[in-house]
Enquirer: 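Take a look at the following structure, please.
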There are 2 protein chains.
Amino acid sequence: MSLLVVGSVAYDALESPYGKVECTLGGAATYFSVAAAFFTKVSLVAIVGDDFHPGDEAILRKRSIDIEGLERASGKCFFWAGRYSQNLNERVTLATELNVFADFKPRLPEKYRSSKYVFLANIAPDLQRDVLKQVKGKPKLAAMDTMNYWIERSNGDLRETLKHVDILMINDSETRELSNEHNLLRAAKQIFKMGPSTLVVKRGEYGAMMVDKHGVFCVPAFPLEEPHDPTGAGDSFAGGFMGYLAGAQSTSDAALRRAMVYGSVLGSFAVERFGLDRLLSLRKSEIQARARHFSKLTQFKL
Amino acid sequence: MSLLVVGSVAYDALESPYGKVECTLGGAATYFSVAAAFFTKVSLVAIVGDDFHPGDEAILRKRSIDIEGLERASGKCFFWAGRYSQNLNERVTLATELNVFADFKPRLPEKYRSSKYVFLANIAPDLQRDVLKQVKGKPKLAAMDTMNYWIERSNGDLRETLKHVDILMINDSETRELSNEHNLLRAAKQIFKMGPSTLVVKRGEYGAMMVDKHGVFCVPAFPLEEPHDPTGAGDSFAGGFMGYLAGAQSTSDAALRRAMVYGSVLGSFAVERFGLDRLLSLRKSEIQARARHFSKLTQFKL
């Protein structure tokens with residue numbers, strides 16, 4: 001089942017104690033699409049400038065990612081530069097240049113409009129809503145990300161968009177800021193009143209937590225001895241999560257639990273190397289092996 | 001199988017947004033013993049002053065806690081006062097009065113000396129070692145806690161004690177400080193060189209992680225909507241963990257995983273109410289029910 005994603009395709013400059021790159025393919029929708037394409041066909045909606053490199057287009061094309069919805073505009077691609085601290089637990093943004101993204105108005109190709117699984121990566125909430133409106137009927141599953149910037153500056157728009165999604169997938173601090181509750185269970189209750197019926201909290205090195213009507217499900221982060229670059233970990237998580245569900249065509253509790261595991265698997269691979277590198281060399285068999293490793297990491301018998 | 005514990009029996013003054021108590025029974029060995037006594041017979045080694053209340057002695061006596069090793073000295077009990085922040089995630093120590101604890105020299109009653117399961121709660125590492133020396137032969141399992149204070153001020157003594165234990169059970173920041181490694185897997189490798197073959201990292205609201213030759217096992221913290229008081233959570237975790245193993249007379253991988261779960265169960269109950277209150281009203285059936293709830297929280301099928 002095809003999975004629609006809207007978000008950023010960007011160039012990143014990254015610095016971590018493990019290296020430095022001046023300009024590498026990045027952006028939430030890129031990480032999401034590459035991760036999700038291991039499980040299902042992805043329909044990408046994004047915008048790039050005329051500096052978008054044919055080699056980077058080929059990276060997307062040779063996977064099961066449909067780029068008919070990748071708009072070309074004159075100008076430069078969205079650009080982000082960031083530096084990570086020694087332990088990768090802190091990040092400084094050095095530059096954010098919206099470029100062609102500043103005037104992005106997502107338009108869905110006709111064939112995308114029947115998508116049943118939709119992911120709205122972190123962009124302005126009114127654009128997220130525009131995308132949902134272009135989808136015919138109600139998707140089987142609509143999920144979204146957001147960030148503190150929109151919680152603070154576009155709260156009304158964000159609240160309006162939240163009414164139309166099933167799953168909100170954000171980090172701890174965003175969860176607390178949006179709900180005005182420190183405790184994540186109480187935060188989930190507040191968020192359920194806003195629209196979503198499922199909250200997925202991404203907690204970085206502590207893993208992820210899902211709260212819905214069935215209760216709570218937790219999955220740890222995969223322990224890595226030497227993570228290299230956290231960029232795109234959350235988007236890769238989202239890609240693994242939504243990709244699995246769309247591929248399995250299920251939103252049962254058991255499928256959602258597996259989606260949490262596959263999200264964590266993809267997130268863990270993403271941080272192993274710089275930028276997209278590890279996801280680009282990844283094989284399906286490695287995903288399955290790591291998913292089994294997640295069982296070993298968490299399973300017990302009473 | 002009897003479980004030996006040495007540590008503090010104290011009076012605590014506690015303040016949190018949920019209330020305030022001026023003087024309540026506390027101390028690491030108290031929380032540990034009460035938690036462990038749900039699973040096995042506990043032999044307690046500690047010291048109290050002449051202000052130790054008969055009602056508090058009765059609390060220990062009416063459980064399967066042997067207090068022959070509870071020394072009486074003239075003076076006052078160890079006293080600790082602390083205040084928690086609004087979200088319980090920060091703690092200020094308002095007072096630490098060692099009192100009779102300052103001259104504590106643990107002496108094991110003869111019948112304690114054949115203990116096969118030993119827990120050295122957070123006290124000076126030379127005292128921890130003295131206790132181990134009084135145990136006849138090699139225990140089947142010796143575990144210990146410690147804290148930043150000893151890592152910084154008694155590092156040599158601590159290193160000597162570490163050579164003689166199987167399990168080190170500490171929190172994230174202590175793990176990082178002791179090993180001089182931020183990454184917990186690399187930290188575990190450093191700690192294995194010091195003696196222990198198993199590292200259990202207590203991560204508060206993020207749960208706990210065990211690293212040993214079998215690999216890594218993670219258990220989340222039980223999600224609670226309204227925790228009241230984190231005092232004693234780590235010691236209750238240790239009590240549940242060691243109590244389960246001593247009761248089951250096993251140190252197999254499967255038993256250690258269950259011990260992690262029972263540790264988390266006891267830790268989660270400890271924080272539900274002020275001080276020891278919840279552990280004192282707890283029933284064995286509630287422990288089993290919550291352990292099953294931990295399955296629901298973590299289990300998935302690929």
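Reminder, nothing fancy here: chain letters follow the sequence lines and each chain counts from 1.
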Enquirer: Below 4.5 Å from any heavy atom of chain A, which atoms of B:Asp253 appear? Answer side chain, backbone, both or neither.
Expert: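 The answer is neither part of B:Asp253.
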Enquirer: If the contact rule is any heavy atom under 4.5 Å from chain B, which residues of residues 289-302 of chain A qualify, in numerical order?
Expert: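 Within residues 289-302 of chain A, the residues that come under 4.5 Å of chain B (heavy atoms only) are A:Ala291, A:Arg292, A:Phe294, A:Ser295, A:Lys296, A:Leu297, A:Thr298, A:Gln299, A:Phe300, A:Lys301, A:Leu302.
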Enquirer: Can you check whether A:Pro227 reaches B:Asn183 side chain to side chain, under 4.5 Å on heavy atoms?
Expert: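 Sidechains of B:Asn183 and A:Pro227: in contact.
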Enquirer: Just wondering, are more than 12 heavy atoms of other shown residues or ligands nearer than 6.0 Å to NZ in A:Lys189?
Expert: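 Open.
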Enquirer: Can you name the nearest heavy-atom pair linking B:Val216 to A:Pro223, along with the distance?
Expert: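 Looking at all heavy atoms of both residues, the shortest contact is CG1-CG, 3.8 Å.
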Enquirer: Atom CZ of residue position B:Arg63 - does it have more than 12 heavy atoms of other residues, nucleotides or ligands inside 6.0 Å?
Expert: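 More than 12 within 6.0 Å, yes.
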Enquirer: In terms of heavy-atom pairs under 4.5 Å, which option from A:Asn89, A:Leu185, A:Leu184 contacts chain B the most?
Expert: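 The option with the most such pairs is A:Leu185.
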Enquirer: Between B:Leu88 and chain A, with a heavy-atom cut-off of 4.5 Å, which part of the residue counts as in contact: side chain, backbone, both or neither?
Expert: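 Answer is neither: B:Leu88 stays 4.5 Å or more from chain A.
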Enquirer: Taking side chain as C-beta onward, heavy atoms only, is B:Arg186 less than 4.5 Å from A:Glu226?
Expert: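 Contact flag for B:Arg186/A:Glu226 side chains = yes.
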Enquirer: Which residues from residues 202-213 of chain B are near chain A, with near meaning under 4.5 Å between non-hydrogen atoms?
Expert: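 Within residues 202-213 of chain B, the residues under 4.5 Å from chain A are B:Arg203, B:Glu205, B:Tyr206.
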